There are 2 protein chains.
Amino acid sequence: MARTDPARAVTLTDVARLAGVSVATASKALNGRDQVKDSTRQRVVEAAERLSFSPNALARGLLAGRTGTVGLLTSDLEGRFVIPILMGAEDAFGAGQVSVFLCDARGDAIREQYHLRALLGRRVDGLIIVGRQTDPRPSLGPDIPVPVVYAYAPSDHPDDRSLTPDNTGAGRMAVEHLVACGRTRIAHITGEHAYAAARDRAAGVRDALTAAGLELVGDVMYSEWSERWGRDATAMLLEQHPEIDAILCGSDQIARGALDMAHALGRSVPDDVAVMGFDNWEVLTTNSRPELTSIDANLQQLGRTAAQWVFAALDGKDIGTGTQFVDGRLVIRGSTVARR
Amino acid sequence: MARTDPARAVTLTDVARLAGVSVATASKALNGRDQVKDSTRQRVVEAAERLSFSPNALARGLLAGRTGTVGLLTSDLEGRFVIPILMGAEDAFGAGQVSVFLCDARGDAIREQYHLRALLGRRVDGLIIVGRQTDPRPSLGPDIPVPVVYAYAPSDHPDDRSLTPDNTGAGRMAVEHLVACGRTRIAHITGEHAYAAARDRAAGVRDALTAAGLELVGDVMYSEWSERWGRDATAMLLEQHPEIDAILCGSDQIARGALDMAHALGRSVPDDVAVMGFDNWEVLTTNSRPELTSIDANLQQLGRTAAQWVFAALDGKDIGTGTQFVDGRLVIRGSTVARR
DNA sequence: CTGTTAGCGCTTTCAT
DNA sequence: ATGAAAGCGCTAACAG
């Protein structure tokens, strides 16, 4: 049962006493220091096990100046981005080596400040700040006494270190895939123009089309990040430009709507028209009919790199400044390539 | 920029020196103890602010025996359940008062053990264990020295304290809604029979049907938790039982598939047939056409209660044992009720 | 190889 | 009202 321990937690002193040595020796024995006789170490280890001794990380941290903890401060309410990033960070840190405080600021600057203070008070060794869009976010400033890496949303200050998906590259990658599939009349439906993600992907789309000697069919269609918009835009598109053979959508949600409407209007996917999205949100991409080709932002990789940077900075290495872009990964499914 | 502090962090000693008092007095002043002259307190507070002093929570925790941290140990890879639970917990704890370590065991018992040891070593005040299904999970056993609450997945040991969605009640609630909408020929498509969530919801469905003097149309259709199954099952259903006027689906994903196929077969939703799901996963429910009625499991509430229990246990209160069920909440949308 | 000592930053008696 | 001192659990220097 979940009981509040009435007895004091077992300490190194208890172990030392049981093993019949001093705490110092016990400490050395358990930490693999080499000035300990094998038989002594043996005794200490056994004593520790018998008492199920678990060293107090607070005491250790207090002394070492390092706590082995990292703060992940997010505003991503759904956890769509932060969970893969957390997993990547855990990978990089090694499970159990480093523990991660996850704080959700819910897009509220005040709450963010609270959490920030708390994390610094707990002497985290580093911070990873996860935004919910790829638009630059306000910097925490230069006075944070630990390494900070901004993930997903870059910092708006050039001296900070940020890591964000390469949406322009992803846009290019998408078009290159469609072109490789033989598509030449490509339209682009996307989300809100206010989002850098939408604009950047669109820019990449244009680049790649130009490079392929093609032109976008119609204008980039900006509106909301929703299935509804995907449906509505697709209806308009197929009406005005019946010749299109590919609809590139700015998100998987939009793509789901496009797929839906294409079917409703009697177009076969991918035979008549290819459809693809961005984000590779599995619940959407692998459940549609056909399954949806998408660009995965490699967030787990992003999280891993962010964590490695924090570590590197801790070790005194220079991790530089500015924003680094993480490549996306094309995930091909049935909505752009006919089933074999 | 994110720099590793070259200078030592500012300590209470620094503050005391600047204020011209002893550390003891500084401590009292900052912690609102009442044996301090107002003018002295003033000076100390100012000094602390000037130095942007942030008390070392490790040192404090070492002394107090409480750390103000809680471990959230999950195996919910997508974060679908754990994020609302985390938010609920943060609500209950108060942002900044308590910090939450989030660890993802990824369904791996070894990794779970690693994380558990790490968390206990960091002297968390309590643990919330979040499973990814509502089936009972192995207990961590009686020897955890801090309060443990199992959330979402209950523990398989009766002496543990668990909190899980009331799926039976949710099944009942769903049927009651459909009946209230005038539906009488109701079918039930759901996920894998191996999942307690599927079986429990189905049991509730049967209860409520019986109570209403109705019978399920056909058998409960168990298979996978996917849109594909929703589509396939719906096709079979409409073929074999064209008279049905409601399809209750075991998840929103299945419901999306059902919606899709109902349309494809020329049935109007909700006029000819009502469709509803469970989970209220917004990306699915609010983007479909029509939007999907669903039962929300109130996970944020669940997280809040779990956190409150941990706290209560810490304060020495008896939080009892066994599993408590959290009521779901009906969210009515257009798939069961025609738009006004 | 082992033990003694000091001290990480803080709170809390207990004197003054 | 203030300060000196002890100690939370641990590790690192230094002595022996």
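Chain naming here is simple, since letters A, B, ... match the order of the sequence lines and numbering starts at 1 in each. This is a predicted model, so every value here is computed, not measured.
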- Task: Rounded to 10°, tell me the angle between the two end axes of the helix from dC1(C)-dG16(D) to dT16(C)-dA1(D), each built from five pairs.
- Result: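 Rounded value for the end-axis angle: 50°.
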Main-chain N/O of [Y] paired to [X] side chain as donor or acceptor, under 3.5 Å:
X         : Y         : answer
Asp125(B) : Val70(B)  : no
Thr305(B) : Gln301(B) : yes
Asp315(B) : Ala312(B) : no
Arg106(B) : Met87(A)  : yes
Thr134(B) : Ala197(B) : yes
Asp76(B)  : Arg80(B)  : yes

- Task: Return yes if a side-chain donor-acceptor contact under 3.5 Å exists between Asp104(A) and Thr74(A), otherwise no.
- Result: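 Asp104(A) vs Thr74(A): no donor-acceptor pair found between side chains.
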- Are side-chain N/O atoms of Arg122(A) and Thr67(A) paired as donor and acceptor at under 3.5 Å?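 Side chains of Arg122(A) and Thr67(A): no pair found under 3.5 Å.
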- Task: Have a look at Arg123(B) and say if it touches a base, only the backbone sugar-phosphate, or nothing, with a 4.0 Å heavy-atom cut-off.
- Result: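 If one applies the 4.0 Å heavy-atom cut-off, Arg123(B) turns out to touch nothing in the nucleic acid.
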- Message: Under 4.0 Å, counting only non-hydrogen atoms across every strand here, what does Thr25(B) touch: a base, just sugar-phosphate, or nothing?
- Response: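 It contacts base atoms.
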- Give a yes or no on whether Arg66(A) atom CZ has more than 12 heavy-atom contacts from other residues, nucleotides or ligands under 6.0 Å away.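 Atom CZ in Arg66(A) is packed in, count exceeds 12.
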- Can you list the residues that meet the ring-ring contact (aromatic ring centres under 6.0 Å, His included) rule with Phe53(B), with sequence neighbours excluded?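 Once residues adjacent in sequence are excluded, Phe53(B) has no partner under the ring-ring contact (aromatic ring centres under 6.0 Å, His included) criterion.
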Expected rows: protein N/O vs nucleotides 14-16 of chain D N/O, under 3.5 Å:
none

- Message: Phe325(B): which residues meet the side-chain contact (heavy atoms from CB on, under 4.5 Å) condition with it, sequence neighbours left out?
- Response: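 For Phe325(B), the residues satisfying side-chain contact (heavy atoms from CB on, under 4.5 Å) (neighbours in sequence not counted) are Thr164(B), Asp166(B), Thr323(B).
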- Span of DNA chain C in contact with chain A (heavy atoms, under 4.0 Å):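 First-to-last contact on DNA chain C, by the 4.0 Å heavy-atom rule, is dC1(C) to dG9(C).
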- Hey, is the side chain of Thr13(A) poking within less than 4.0 Å of OP1 or OP2 on dG9(D), counting only N and O atoms?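 No, Thr13(A) has no side-chain N/O under 4.0 Å of OP1/OP2 on dG9(D).
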- Query: Quick one: are Ser139(A) and Asp156(A) in side-chain contact, heavy atoms under 4.5 Å?
  - Reply: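 They are in contact (side-chain heavy atoms under 4.5 Å apart), so the answer is yes.
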- Item | Rounded interatomic separation in angstrom, taking CZ from Arg66(A) and C1' from dT11(D) |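 Whole-Å distance recorded here is 16 Å.
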- Message: Whole angstroms only, please: what is the CG-C1' distance between Leu12(A) and dC8(D)?
- Response: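 Computing the Leu12(A):CG to dC8(D):C1' distance gives 13 Å.
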- Message: Please find the pair of heavy atoms, one from Thr69(B) and one from Arg123(B), that lie closest to each other, and give the distance.
- Response: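 Minimum heavy-atom contact is OG1-O, 4.1 Å.
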- Task: Name the closest nucleotide to the Thr11(A) side chain, picking from dG3(D), dT11(D), dG9(D).
- Result: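 From the listed options, dG9(D) comes nearest.
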- Task: Please work out which residues in residues 52-64 of chain A have a non-hydrogen atom less than 4.0 Å from an atom of DNA chain C and list them by number.
- Result: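 Only Leu62(A), Leu63(A) qualify.
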